[in-house]
Number of protein chains: 2
Amino acid sequence: MRDTPYGGNALGMVVKEVDFPPGFGLHTGNIGIKDHTNDVMILAAPPGTVAAGVFTKSRFSGPSVTLSRAHLEDGRARAVVILSKNANVATGEVGDANAREVAELTASVLGCATDEVVVASTGVIGVQYPMDRIRRYMGRLATEGISAFEQPGSATSAATAIMTTDTHAKVSIARAGSARVVGIAKGVGMIEPDMATMLAVIATDAAVEPSALDTIFRRVVDRTFNALSIDTDTSTSDMAVVLCSQTAGPAEESAFEAALHQVCLDLTRQLAADGEGAETLIVVTVFQARDDALAKRVAKFIVNSPLVKTAVHGRDPNWGRVAMAIGKCYDQDILPERITIRFGPDEVYPAPATKDRLARLERYLESPEVHIRVGLGIPGEKSDSYGTGSFTAYGCDLTDGYVRINADYTT
Amino acid sequence: MRDTPYGGNALGMVVKEVDFPPGFGLHTGNIGIKDHTNDVMILAAPPGTVAAGVFTKSRFSGPSVTLSRAHLEDGRARAVVILSKNANVATGEVGDANAREVAELTASVLGCATDEVVVASTGVIGVQYPMDRIRRYMGRLATEGISAFEQPGSATSAATAIMTTDTHAKVSIARAGSARVVGIAKGVGMIEPDMATMLAVIATDAAVEPSALDTIFRRVVDRTFNALSIDTDTSTSDMAVVLCSQTAGPAEESAFEAALHQVCLDLTRQLAADGEGAETLIVVTVFQARDDALAKRVAKFIVNSPLVKTAVHGRDPNWGRVAMAIGKCYDQDILPERITIRFGPDEVYPAPATKDRLARLERYLESPEVHIRVGLGIPGEKSDSYGTGSFTAYGCDLTDGYVRINADYTT
């Protein structure tokens, strides 16, 4: 990120040491899947933990996604195991069997049932896991038992172990009454979650019923991880999981949802700001829309437009490109004469440009976070009112760095 | 383009001097809209010329699009005037009046009706035309009259006059019996035509009825200009117009359509290869699909994926990214186990990689044109057959050059 030290992010925050809530155990280590950096993370949850997950809709999704979706159907889980540096995608029947075996090995380490284990995996596509190494490693872990697990586990260590091309660990914490909500996430490219998400794990000691948790989590994900787009590419491995250990006692539902929303939104902003090659976090808010769905479509067109992304990168107050991106939404309610466009505090359309404002705009575009606000001006049901639909999307600028990272990253 | 001289393109072709068919007059010149390069082109067609056009569906389209669509409704036209370096988009009622005045001024130069003039314009958004200069220029042209027009006009000069950030002129010619079909086009960025197209003008002396012309042109555009995507951004100014002067007498309809298709496809490939910053033309063919629409969706996902585009740029045989892009098409008929992926002549999925093949692939990816072929393997109606839907999409790699051009291009 521009002008921020390693370990910081576009929001100027420094990554803190954050622990998972009491009762969660953590193991991180190196299996040697690709190199000598950590590539395995196991988060163990206490008995009685309630869980929910959302997954990629990709038709090329891997066996981790299929398996974990099935294992979360009963709304219960005891562990999440994440292998990084290999996605185990497009690996055929051997890949399916390997994903099942990873769940079995983890279950035997923890003494839980295989269907209580959630498996996630990201990295290269089309290559088999090094199963010999994984078996040897898990065998050793089973021998060491509980001593191989930190308690309380460091969420920062966990977030570091699941990184691929991320430049720093992404963690977030919030409180809901006496309960804590702690989240970790990874992902910098191949990110446009679509009713699903990249890799994120949220652990909380709040007590929430399975059905309520699922509803709340989907609502939160829709406004956070699903509002994120780094490069319009949807991963084959996206997954977000929330684990509620219930040990802190019942949480007031709206307080819990607010805390969960805060953690997921914070992680979303960290992911956007750490997009591959990114130097600027772009936040696009569309309001005065007929409904939220229309606002989301327009916001996504803007945040995904390579011409908007490069204009922000070039600190160019080129609002014409935002107009172009709005125009891509072929909806009869979108009329140029109703629309207003703001960059930060300043209206740029239809207000005519003044020298003062252009100078202010150029200064504004130097900041590490750029807000674009679009009022669609669609009339509401009452006279003199506007439609109440709105949506905020999160993305980043398109830089030479993105091209270099992805042109040079080898299979 | 890589390893090709200025004036050439990715297909290794050198731009030839091509003339418009007899009967068409051409004027090109400099009004001074932005700088001293040519920025006006008027193509005059003889009386009785039949015409058809397709236009951008952008909700932020400019008055040139609205006006020209209305003027082509009767299937007749006498002139196309194209102003470059200014799009006249998002310019309000003043912009509307200016577009009408450009048509009126052109009509008075040529002595035709205003509604026989097609107006097109590309360049910066949100800035008014310099109308004083345009009026002075057109006044002078009216005095000079026919002497200001070349006949036969050079299509190469015309294509040069409409360039913005294009690196070379795009022209193409084909024959249908005794008739000639000559096309010009421009456009390097903000290109994903959607049932419309970028700027293209095709002039022919073939005799074709207005209603047949419209049907044929739409069919051709769907498989050529609409199969093109440089950066997923849809211009506010896209327009493709065909003018048939009728002077070469009736053309056999299928021969005419074949010639028109050849010219439009050639221009499409030239546009893709000259995409902003592009070094490689990417051609994606999807076949064995349920229908053409599904094949088109999948082909567009692949050709638009920034990760596929950067992999091609980095000469990386990373077929996993093609699998990822296919996965973005959430269609129940798409199953990984049915799919085959080829890079050039070589199957890369599901066939396992061999050392020989990897070496061959790396050599193949050095070429200035990369073909990706995806068989969806969806069963057809008869047993042992596959679906007959197919589509070919045209795009280019994503390079540091694209970022630099669009980050540095100022309003």
Side-chain angles (χ1 to χ4, degrees), chain A residues 56-61 87 89-90 92 124-127 189-190 192 194 231-236 304-307 310-311 313-321 323-332 334-337 339 349-350 397-400 402-411, chain B residues 56-61 87 89-90 92 124-127 189-190 192 194 231-236 304-307 310-311 313-321 323-332 334-337 339 349-350 397-400 402-411:
Chain A
T56 183
K57 287 165 68 184
S58 170
R59 297 297 297 164
F60 242 104
S61 64
V89 165
V124 69
I125 292 175
V127 177
M190 207 182 277
E192 181 173 8
D194 190 3
D231 55 7
T232 74
D233 274 342
T234 304
S235 164
T236 49
N304 279 331
S305 158
L307 290 171
T310 47
H313 181 51
R315 288 94 180 86
D316 180 3
N318 194 336
W319 59 264
R321 295 188 182 170
M324 173 282 298
I326 298 168
K328 287 162 77 173
C329 188
Y330 306 143
D331 188 287
Q332 299 299 320
I334 292 178
L335 298 172
E337 56 271 29
I339 288 170
Y349 174 85
D397 56 345
L398 174 60
T399 70
D400 316 45
Y402 179 88
V403 175
R404 287 274 50 96
I405 290 166
N406 288 301
D408 298 345
Y409 182 85
T410 21
T411 39
Chain B
T56 181
K57 285 165 70 184
S58 171
R59 297 296 299 163
F60 241 105
S61 65
V89 165
V124 68
I125 292 175
V127 176
M190 207 180 278
E192 182 173 8
D194 190 4
D231 56 7
T232 74
D233 274 341
T234 303
S235 163
T236 50
N304 279 333
S305 158
L307 290 172
T310 47
H313 180 50
R315 288 93 181 85
D316 179 3
N318 193 336
W319 60 265
R321 295 189 182 171
M324 175 280 301
I326 297 167
K328 289 163 76 174
C329 188
Y330 306 143
D331 188 288
Q332 299 301 319
I334 293 179
L335 299 172
E337 56 270 30
I339 287 170
Y349 174 84
D397 56 345
L398 175 60
T399 69
D400 317 45
Y402 179 87
V403 176
R404 287 271 52 94
I405 290 167
N406 288 301
D408 300 345
Y409 181 86
T410 21
T411 39

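Here is how names work: the chains are called A, B, and so on, in the same order as the sequence lines, proteins then strands, and each is numbered from 1.
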message = Donor-acceptor check, side chain of A:Tyr402 to backbone of B:Thr310, threshold 3.5 angstrom: yes or no?
response = no

Comparing A:Leu335, A:Val127, A:Asp331 against chain B, the one with the most heavy-atom pairs below 4.5 Å turns out to be A:Asp331

_Can you confirm whether A:Ile339 sits close enough to B:Phe60 that some side-chain heavy atom of one is under 4.5 Å from a side-chain heavy atom of the other?_
yes

d(B:Ile334 CD1, B:Lys328 NZ) to nearest 0.5 Å is 12.5 Å

Note: vs chain B, highest number of non-hydrogen pairs under 4.5 angstrom among A:Ala323, A:Pro350, A:Cys329 is A:Ala323

For B:Ile125 and B:Val89, the nearest pair of non-hydrogen atoms, with its separation, is CG2-O, 3.7 Å

If you tally heavy-atom pairs under 4.5 Å between each of B:Gly126, B:Gly92, B:Ala90 and chain A, the highest tally belongs to B:Ala90

